[in-house]
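The structure appears below as structure tokens.
Proteins get letters first, then strands, A, B, ... in listed order; numbering begins at 1 in each. From a predicted model like this one, the values you see are computed outputs, not experimental measurements.
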Amino acid sequence: MAGSPVQVTGTVLTTRRVEAYHALTVVAPAVADRFRPGHFVTVGVGGPYTSMLTRRAFAIHDVKPDYGGTVEFVFRVRGPGTAWLADRRARDTLDLVGPLGRPFPLPRDPCTCVLVGGEYGSASLFVLADVLQRRGCRVDFVLGASSADRVFGALRARRMGETTTLTTEDGSLGMRGEVTDVLAGVIADARADVVYACGPMAMLRGVTAVCVEFGIPAQVSVEQSMACGVGICMTCVVPVIDEDGVTRMVRACTEGPVFLGERVRFDDVGTIPFDALGAPGGRHG
Amino acid sequence: MAVDLRSYLGHVELPNPVFTASGCGGTGRELAQFFDVTRIGAFTTRSITMAPRAGRPTPRMAETPSGMLSAVGLQGPGVEVFAQRELPWLAERGARTIVSIGGGSVAEYTALARRLADAPGVTAVEVNLSCPNVEDRGRVFARDGSAAAEVVASVRAATRYDVPVIAKLAPDVADVVSLARLCVDGGADALSMINMPLGMSVDVDTMRPSLAAGTGGLSGPAIRPLAVRCVWQVHAALPGVPIVGMGGVMTGRDALELVLAGACAVAVGTALFHDPFACQRILRELEELLQARGFDRLADAVGLAHRPAGAGPRNRIELEESSL
Ligand SMILES: Cc1cc2nc3c(=O)[nH]c(=O)nc-3n(C[C@H](O)[C@H](O)[C@H](O)COP(=O)(O)OP(=O)(O)OC[C@H]3O[C@@H](n4cnc5c(N)ncnc54)[C@H](O)[C@@H]3O)c2cc1C
Ligand SMILES: Cc1cc2nc3c(=O)[nH]c(=O)nc-3n(C[C@H](O)[C@H](O)[C@H](O)COP(=O)(O)O)c2cc1C
Ligand code: FES
């Protein structure tokens with residue numbers, strides 16, 4: 001069944017450094033088979049008897065048919081879990097669960113798409129671009145990060161995109177500033193019909209605001225701290241306005257990570273909005 | 001020969017002693033993507049409340065050494081939606097379902113038990129006593145033995161006679177044995193322990209509490225010694241009362257440790273976040289360990305660690321000889 005996740009012990013095929021990031025390719029045919037752009041995997045870290053109980057989530061960057069099917073993910077060392085992953089070598093094994101989450105919805109007819117990536121958020125956009133282009137869509141990229149070494153995939157974007165605009169906060173690559181500073185111009189020039197974005201919450205909020213002005217949909221992939229990745233711990237929730245107009249605290253790992261941007265109450269992330277279903281003292285409570 | 005793994009909560013027979021812990025198995029549907037939820041001893045729901053609850057703000061989770069802190073705040077759709085959409089799904093599949101309930105007052109627990117009394121598919125009711133009592137300035141019921149006993153008694157009275165009521169206790173109370181005794185006197189057919197003790201961590205980068213709620217419940221292997229201690233003390237004082245042991249069970253060995261301390265069943269919580277197949281794996285490992293130690297029946301291992309030092313294991317053959 002497409003989409004239904006599996007747990008596999010995969011062998012690490014290759015490891016590589018890409019600027020500020022590490023990339024691991026793991027043999028996992030059952031995950032690769034079920035993959036759609038926007039899916040993520042979770043990885044058990046620390047080996048047997050680990051003291052790190054929560055799984056680490058990573059967007060799937062690429063899948064390839066080698067050895068029956070491989071998946072690649074890209075990460076930055078942040079804490080002990082990612083430090084352990086950075087020490088993995090070819091032929092080590094990794095405990096993966098995937099593919100997880102709601103993937104990027106795809107347009108039915110050919111249209112113009114702007115793909116926006118912040119930091120490692122761009123990792124999940126290239127397989128998406130590939131699928132969109134095969135459907136006859138035009139793809140433009142906007143990639144940004146704090147500095148040049150943190151812009152992931154600039155070369156690949158330049159090869160694939162109709163246009164590619166890069167931004168860095170320190171001006172070390174492309175325009176100085178943030179992706180949201182240039183996005184309106186890119187949308188206008190390309191006459192974009194839809195925007196796909198993956199990156200930090202603040203960036204997604206900005207991207208959504210620009211898209212609302214243009215009256216076009218933004219499909220955003222959010223990042224929220226997760227313990228299980230499969231929908232059972234309820235720690236990864238974000239306030240999202242449902243189709244019936246009611247705000248619910250929904251799981252980023254299961255109902256997301258991809259949401260329609262205008263539905264996500266970015267200003268209220270980290271709170272329980274007073275009008276959310278079941279909020280303390282709320283109307284619905 | 002296969003070990004007889006049947007486990008009993010009061011007079012309810014379960015095919016094996018490995019359950020999911022409350023709040024750690026979602027609605028059942030999520031885990032069903034990985035395994036057949038009817039194969040485990042019982043599925044325990046998250047604590048169901050009367051009204052829908054949005055829970056606590058995020059971050060709700062922080063990893064700690066061999067454990068995690070969480071403050072979900074009983075997020076859920078409320079008992080009506082649960083009874084209409086979640087319980088029937090479990091019942092249709094034939095899962096044995098322990099419905100955990102959580103309330104802010106004795107009246108709310110009673111109303112929950114009443115609402116569930118005519119819902120088909122309830123194998124047992126578990127009373128989560130770690131909820132703040134709104135009528136006692138938010139002091140949790142488990143901290144006040146008489147309030148806890150009152151809740152248990154009213155839930156027992158509102159529940160069908162053939163559905164066992166399980167009182168769930170936390171370790172951070174003055175005297176877990178007297179609390180257990182009060183709950184049993186109030187009518188609890190079984191006890192489950194332990195719920196999460198309260199903990200906290202501070203993020204040294206942001207220099208703020210790691211959880212939005214400040215404090216949170218600690219779970220995982222970090223609390224296993226507390227669980228073993230509570231099960232041990234309560235089984236010693238109330239040897240006839242069935243205990244569902246939980247707290248940091250990651251492997252069959254951990255499950256056996258709780259069984260030897262006095263648990264007749266074990267529940268698996270945080271381990272499921274790490275390994276969605278944890279319940280089956282733990283069940284298999286437990287069976288192998290019992291087999292390797294010469295047990296024919298799980299029941300013979302329950303509380304065995306209480307035998308005097310130097311005494312051999314109470315296995316079946318010895319019992320038969322002594323009965324001659
Ligand atoms: C859907 C999704 C996709 C992601 N994709 C990528 C990716 O492609 N590349 C990448 O580098 N990172 C990605 N992340 C973030 C990544 O999961 C965290 O960087 C990683 O978990 C940190 O682990 P650690 O042990 O190094 O850090 P620690 O801070 O020690 O982690 C402690 C705990 O907090 C959780 N946690 C901490 N930060 C995050 C976070 N930002 N998001 C989720 N959980 C967190 C961890 O899972 C762990 O349980 C993604 C997160 C999500 C939710
Ligand atoms: C995220 C999370 C949510 C929980 N929710 C509940 C709950 O709703 N009701 C309840 O009685 N216990 C709840 N618990 C406690 C567990 O059922 C269990 O008692 C505890 O976590 C110890 O077991 P473990 O170490 O195997 O997780 C929760 C635990 C966690 C980690
Ligand atoms: S990470 Fe556990 S429910 Fe989303």
In the structure I gave you, are the side-chain heavy atoms of [X] and [Y] within less than 4.5 Å of one another anywhere?
X: Glu30(B); Y: Val230(A); value: no
X: Met249(A); Y: Arg56(B); value: no
X: Met61(B); Y: Cys233(A); value: no
X: Asp275(B); Y: Gln7(A); value: yes
X: Phe34(B); Y: Val97(A); value: yes
X: Ile232(A); Y: Phe273(B); value: yes
X: Cys236(A); Y: Thr58(B); value: no

Distance-only, no hydrogens or angles: does the [X] side chain make a donor-acceptor pair with backbone N or O of [Y] under 3.5 Å?
X: Arg53(B); Y: Gly278(A); result: no
X: Arg60(B); Y: Met234(A); result: yes
X: His274(B); Y: Thr54(A); result: no

Check the surroundings of atom [atom1] in [X]: do more than 12 heavy atoms from other residues, nucleotides or ligands lie under 6.0 Å from it?
X: Tyr67(A); atom1: OH; result: no
X: Arg114(B); atom1: CZ; result: no
X: Arg76(A); atom1: CZ; result: yes

Need one label for [X]: side chain, backbone, both or neither, based on atoms under 4.5 Å from any heavy atom in chain A.
X: Met250(B); value: side chain
X: Thr64(B); value: backbone
X: Pro59(B); value: neither

Do you know which two heavy atoms are closest between Leu277(A) and Pro52(B), and how far apart they sit?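 Leu277(A) and Pro52(B) have their closest heavy atoms at CG-CB, 4.1 Å.
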Do the side-chain N and O atoms of Ser4(A) and Gln33(B) include a donor-acceptor pair separated by under 3.5 angstrom? no
Pick from Gly270(A), Pro273(A), Gly231(A) with the largest number of heavy-atom pairs that fall under 4.5 Å of chain B: Gly270(A)
With a 4.5 angstrom heavy-atom cut-off, could you sort out which part of Arg248(A) is near chain B: side chain, backbone, both or neither? neither
Choice from Ala54(B), Ala222(B), Gly26(B), Cys24(B) maximising heavy atom contacts with chain A below 4.5 Å: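 That would be Ala54(B).
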Heavy-atom pairs under 4.5 Å with chain A are the metric here; pick the option from Ala212(B), Gly76(B), Gly220(B), Gly25(B) that has the most.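 Heavy-atom pairs under 4.5 Å are most numerous for Gly25(B).
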Arg56(A) vs Glu63(B), test: salt bridge (Lys or Arg N to Asp or Glu O under 4.0 Å). Steps then yes/no. CA-CA 11 Å; Arg56(A) 272 49 175 178; Glu63(B) 197 177 63; 2.8 Å; yes
